[in-house]
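See structure below.
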Amino acid sequence: MGSDIDSLFSKANYYITQLRDYAKALNYYDEILKISPYNPDVFLLRADALYALGKDDEARKSIDRYVQIDRDSPEAWTVRAAFLVDLGQYSDAINSSDNAMKIIQSGKKNKPEIMVTGLYNKGIALAYLSIFKEAIRCFDSAIHISPKAAGVWNEMGRTYSQLAEYDKALDCFDKAIGINPSLPEAYYLKGEALCFSGRMKESLTCYDQAILQLEDIIRQTGDPQVKNQKLFILYTKGATLQELKLYDEGIEYFDNALEIAPKDSMLWLSKGISYHNLVQLDQAIECFDNAVELVAQESNNGLKNTVWSYLSKETVLMFALDGIGNILNSEGRFNESAVCYDNL
């Protein structure tokens, strides 16, 4: 029986790591549960697969079953807390972290590393709920236990940035990078904090460092989520160069991003704006046209922009049509420009 379970685990792992076929892996996990219905590891792995498939409600049930099997395990409550953060269920994540820490404080378990993780998860959930000061207290407590926890320094820096306390944020990011120079998010967030504090030129080096670190991870894992992170930072650096009026350099970064996501309307819009500012009007119109066409495709297929999913398709369309209309108007093609403006 044990060898059967090991074989099923191996097959599921192959489908996830090699093929990223989470549905097929899920079938193998369900087969394991027929043999071993109280195996907590299976419920955890099922939750991960269900989450990857966008089945959040089923993922939540699986992670709850995982912790029910061993309610006295602070590790289980901590893993559940991190999972609930990913699901956006922040209040429940806080309760789960508190349960983990209560078990440790009760004397049943003495695991400082789990206490750090519990405080870390709770701090992240509090920050998502905009309870920033309490989040910082959690991060401070975690650092008191483990001063070299780079991830905690990073999240505390992010929280200080959300409070617009950029000097404190930058200090935190520098500490995170000093502990772990391979932490791409710390470089990116440091660049973002520098931008918000008016130090745009300094941010460019941070974005480059973040991209380099992500490229190393991509070479090692091929993880598509990491590719999306790289895509977003390429866009961010392109947009920053655009703000600095370094339009040619910005276009290079938009082009690099388009190699990853050639059907992203936001990237085409941004590239078009740079060409417009360079008075390269034919290229600008081509980019704006691509953005308009892709918005229509995104609307029909229910897709979202990759690099800036919270910018609505309607907004992208408005800026693209306005760009085309302005160019046509400047060329005296008033009837054609009027059609663009009418569609705004």
Side-chain angles (χ1 to χ4, degrees), residues 188 191-192 194-195 198 200-208 210-212 214-215 218 224 227-344:
Y188 168 72
E192 190 176 59
L194 287 166
C195 269
M200 281 193 180
K201 287 186 179 179
E202 293 176 65
S203 75
L204 300 175
T205 303
C206 295
Y207 295 141
D208 283 340
I211 291 165
L212 286 173
L214 289 171
E215 286 173 346
I218 291 166
K227 290 180 181 178
N228 281 339
Q229 292 171 22
K230 178 186 173 184
L231 168 66
F232 184 79
I233 298 173
L234 287 168
Y235 163 76
T236 301
K237 179 159 185 184
T240 305
L241 289 163
Q242 193 176 75
E243 284 290 318
L244 291 167
K245 304 187 187 306
L246 300 171
Y247 302 118
D248 284 318
E249 293 178 51
I251 287 167
E252 289 181 26
Y253 280 87
F254 294 138
D255 280 337
N256 289 337
L258 282 164
E259 289 179 12
I260 301 172
K263 293 187 177 182
D264 192 295
S265 60
M266 183 65 196
L267 289 171
W268 283 107
L269 172 65
S270 300
K271 185 178 174 182
I273 290 169
S274 285
Y275 273 127
H276 194 180
N277 283 307
L278 288 168
V279 200
Q280 297 182 26
L281 302 184
D282 289 342
Q283 293 94 324
I285 284 183
E286 181 182 354
C287 292
F288 291 143
D289 280 341
N290 284 338
V292 170
E293 182 180 344
L294 287 166
V295 166
Q297 292 178 18
E298 289 163 3
S299 298
N300 292 334
N301 299 327
L303 301 176
K304 295 188 294 185
N305 294 312
T306 307
V307 298
W308 207 351
S309 60
Y310 52 84
L311 188 69
S312 70
K313 293 185 282 285
E314 292 78 13
T315 304
V316 174
L317 181 63
M318 178 186 72
F319 280 119
L321 288 171
D322 186 60
I324 296 169
N326 286 341
I327 292 169
L328 293 172
N329 199 48
S330 70
E331 295 176 343
R333 297 159 66 181
F334 303 118
N335 290 336
E336 295 172 74
S337 67
V339 173
C340 292
Y341 295 139
D342 287 343
N343 286 311
L344 289 174

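The shortest side-chain heavy-atom distance between F288 and I273 falls under the 4.5 Å cut-off. When side chains are defined from C-beta on, V316 does not count as touching K313, because their heavy atoms never get closer than 4.5 Å. Taking 4.5 Å as the limit, every side-chain heavy atom of Y247 sits out of range of all side-chain heavy atoms of L241. Counting heavy atoms from C-beta on, the side chains of L267 and L231 come closer than 4.5 Å. Contact of the Y253 side chain with the I211 side chain is registered, since non-hydrogen atoms from C-beta on lie closer than 4.5 Å.
The two atoms that bring I327 and H276 nearest to each other are CG1-NE2, 3.6 Å, heavy atoms only. Contact between F254 and S274 at its shortest, heavy atoms only, is CE1-OG, 3.7 Å. Taking each heavy atom of L244 and M200 in turn, the nearest pair found is CD2-CB, 3.8 Å. Closest of all the heavy-atom pairs between S203 and T240 is OG-CG2, 3.8 Å. Closest approach of I260 and K227 over heavy atoms only: CD1-O, 4.2 Å. Closest of all the heavy-atom pairs between W268 and L258 is NE1-CD2, 3.5 Å.
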- Query: Do N277 and K245 pass the side-chain contact (heavy atoms from CB on, under 4.5 Å) test, and can you show the C-alpha distance, the side-chain angles, and the key distance before you say yes or no?
  - Reply: CA-CA 8 Å; N277 283 307; K245 304 187 187 306; over 6 Å; no
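The line from CG of D322 to CG of L317 is 11.0 Å long, rounded to the nearest 0.5 Å. Rounding to the nearest 0.5 Å gives a distance of 7.0 Å between OG1 of T205 and NZ of K237. Separating the CG atom in L321 from the CG atom in L269 is a distance of 10.0 Å, to the nearest 0.5 Å. Taking CE of M266 as the start and CG of L294 as the end, the distance is 13.0 Å to the nearest 0.5 Å.
Q242 places a side-chain N or O within 3.5 Å of a backbone atom of S270 that can act as its donor or acceptor partner.
Applying the salt bridge (charged side-chain N to carboxylate O under 4.0 Å, His left out) definition to pairs two or more places apart or across chains, those involving residues 265-280 are D255-K271.
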Side-chain donor-acceptor distances from residues 279-287 under 3.5 Å, at least two apart:
from : atom 1 : to   : atom 2 : distance (Å)
Q280 : OE1    : Q283 : NE2    : 3.4

Using residues 333-343 as the side-chain source, report each donor-acceptor pair under 3.5 Å to any protein atom, sequence neighbours left out, with the distance given to one decimal.
from : atom 1 : to   : atom 2 : distance (Å)
R333 : NE     : E336 : OE2    : 3.1
R333 : NH1    : E331 : OE1    : 2.8
R333 : NH2    : E336 : OE1    : 3.0
S337 : OG     : F334 : O      : 2.9
Y341 : OH     : G325 : O      : 3.2
Y341 : OH     : N326 : N      : 3.2
Y341 : OH     : N326 : OD1    : 2.7
N343 : ND2    : V339 : O      : 3.0

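Between the side chains of E192 and Y188, a donor-acceptor pair is found at a separation under 3.5 Å.
For E243, the CD atom counts as loosely surrounded, since its 6.0 Å shell holds 12 or fewer non-hydrogen atoms of other residues, nucleotides or ligands.
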